[in-house]
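Right, one structure below, let's go through it.
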Amino acid sequence: MSTAYSKADIAALQEAARRHLWLHFTRMSSYSTADVPVIVRGEGQYVFDQNGKRYLDGLAGLFVSQIGHGRSEVAEAGARQASELAYFPLWSYAHPQAIQLAERLAALAPGDLNRVFFTSSGSEAVESAWKLAKQYFKAVGQPSRYKVLSRSIAYHGTSMGALAITGLPGIKEPFEPLPPGGVRVPNTNFYRAPEFVADDVTAFGVWAADEIERAILREGEDSVAAVFLEPCQNSGGCFPPPPGYFQRVRDICDRYGVLLVSDEVICAFGRLGHYFGSERYGYQPDIITFAKGVTSGYAPLGGMLVTDRLMAPFNEGQNTFLHGVTFAGHPVSCAVAMANLDVFEKEDLLGNVRANEAAFRATLGKLTDLPIVGDVRGDGYFYGIELVKDKETRQTFDDDESERLLRGFLSGALFDAGLICRADDRGDPVIQLSPPLTCTQEHFDEMEQILRSVLTAAWTRV
Ligand SMILES: Cc1ncc(COP(=O)(O)O)c(C=O)c1O
């Protein structure tokens with residue numbers, strides 16, 4: 001299929017984009033002279049721009065396209081559903097697609113996570129989980145519990161509640177005051193571990209988990225409702241949990257009656273080689289939030305999976321969870337999610353991730369011979385590459401250097417070289433990779449080669 005647009009089409013798109021479109025988390029002024037990148041088509045692990053130029057989608061769009069692009073069977077499942085029943089709400093009514101998907105997700109989820117509350121996005125899923133925790137504790141006679149603990153630099157979404165849980169001061173500040181109750185604890189970036197545990201990853205994990213206990217005690221144990229943690233923290237550049245960390249956190253949550261929410265908006269649906277990231281690291285959450293990969297982006301959908309225990313008070317008398325959104329569990333999105341999960345099964349995508357993750361890690365690991373690469377870390381098909389000014393001392397770049405390096409050079413150079421990935425400096429500067437789960441060695445090599453040449457050029461500018 002040809003993807004090239006005519007010169008006139010391209011000019012018209014650019015003009016309209018500049019005049020009318022507002023991109024998310026984007027400095028729009030940077031496009032007052034430069035072209036807005038326009039992606040028009042996807043096929044497998046690749047996407048194509050308006051000129052027909054091909055890019056390896058090393059970020060699965062935005063941690064979304066697990067099965068890759070251009071799957072007509074998934075698109076057709078959505079089209080069939082739209083013809084049969086395009087929309088009906090989940091407010092008082094149900095439709096077969098939401099029922100069947102809820103049943104399927106409950107069967108896939110660990111332990112007694114048996115109830116699905118759908119949303120249309122990840123932020124809504126996180127928002128819903130906090131609201132459920134608050135209303136649940138009121139229903140069971142513990143109304144003082146409302147606070148949430150989350151880790152520094154973690155991203156949990158942008159709606160006001162989710163933003164209060166997000167641990168990135170820069171994107172919160174313009175919206176203060178946020179809903180009260182968001183409390184920060186340390187993340188698990190072992191590369192930046194405090195000196196007294198810097199040689200021992202297990203001791204580091206004990207310290208980081210115990211910081212959660214100390215925060216609960218400091219805040220008042222009767223005031224804390226939930227701890228929100230990603231299985232492998234994305235923001236900051238992929239922080240996998242140290243061994244034993246989640247087991248210790250689970251014990252702490254049980255000791256103080258605090259809910260453990262596993263925010264798996266990125267880490268579910270194969271990203272770490274399992275349907276759920278909590279399975280990968282062997283812990284049992286009280287709530288899992290999900291979105292993104294549940295449909296591989298063929299339609300928007302999110303949700304939370306909750307335990308029978310949390311549902312119990314809402315199964316009685318006049319109790320109702322007083323929360324909902326119009327497009328949650330949209331029939332087209334649910335039909336698409338079912339077709340997406342069929343692809344997972346038919347092609348054993350979890351098996352592909354598990355079989356190839358060591359090779360992916362080893363291929364990216366080659367980059368550590370470059371002076372600018374301080375650390376390569378992650379699990380499954382989810383890696384962060386931390387960039388440093390001095391490998392010996394692990395000195396990072398200051399704000400100006402980071403601005404020049406990431407925005408001034410790396411983001412554009414990687415895109416020009418044909419790789420979609422993310423150069424991020426919300427924590428220390430990192431490059432994030434999270435490709436479709438269908439990728440194999442040829443794609444790992446392509447990523448490594450592009451990164452090698454662009455990072456080598458970047459070093460000459462440091
Ligand atoms: C861990 C996590 N939680 C929540 C969200 C918010 O999801 P959404 O952008 O669909 O609202 C994201 C988005 O990247 C995320 O990574």
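A quick note: this is a predicted structure, and the numbers were derived from the prediction, not measured. Computed from heavy atoms alone, side chains included, the values below leave out hydrogens, waters and symmetry copies. Ligands are counted one by one from 1 in listed order, and the atoms in each one are counted from 1 as well.
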State plainly whether the residues [X] and [Y] are in salt-bridge range, i.e. N to O under 4.0 Å.
| X | Y | result |
| --- | --- | --- |
| R271 | D379 | no |
| E403 | R27 | yes |
| R255 | D251 | no |
| D342 | R104 | yes |
| R41 | D49 | no |

Closest to atom 5 (C) of ligand 1 among protein heavy atoms sits V265 CG1, 3.8 Å
For ligand 1, which atoms sit closer than 4.0 Å to a heavy atom of G122?
-> 6 (C), 7 (O), 8 (P), 10 (O), 11 (O)
Under 4.0 Å from any heavy atom of D263, which atoms of ligand 1 are there?
-> 1 (C), 2 (C), 3 (N), 4 (C)
Mind checking whether F117 and H323 have parallel, tilted or perpendicular rings, split at 30° and 60°?
-> parallel
Parallel, tilted or perpendicular: ring planes of Y281 versus F246, cut at 30 and 60 degrees | parallel
Taking the non-hydrogen atoms of E124, is any one of them nearer than 4.0 angstrom to ligand 1?
-> no
Does ligand 1 have an atom that lies less than 4.0 angstrom from a heavy atom of I266?
-> yes
Heteroatom distance test ([X], ligand 1): nitrogen or oxygen, under 3.5 angstrom:
| X | value |
| --- | --- |
| N234 | no |
| G157 | no |
| E230 | no |

Can we call the ring centroids of F290 and Y275 under 6.0 Å apart?
-> no
Checking contacts here: is it the side chain or the backbone of [X] that comes within 4.0 Å of ligand 1, counting heavy atoms only? Could be both or neither.
| X | answer |
| --- | --- |
| S123 | both |
| F63 | neither |
| K292 | side chain |

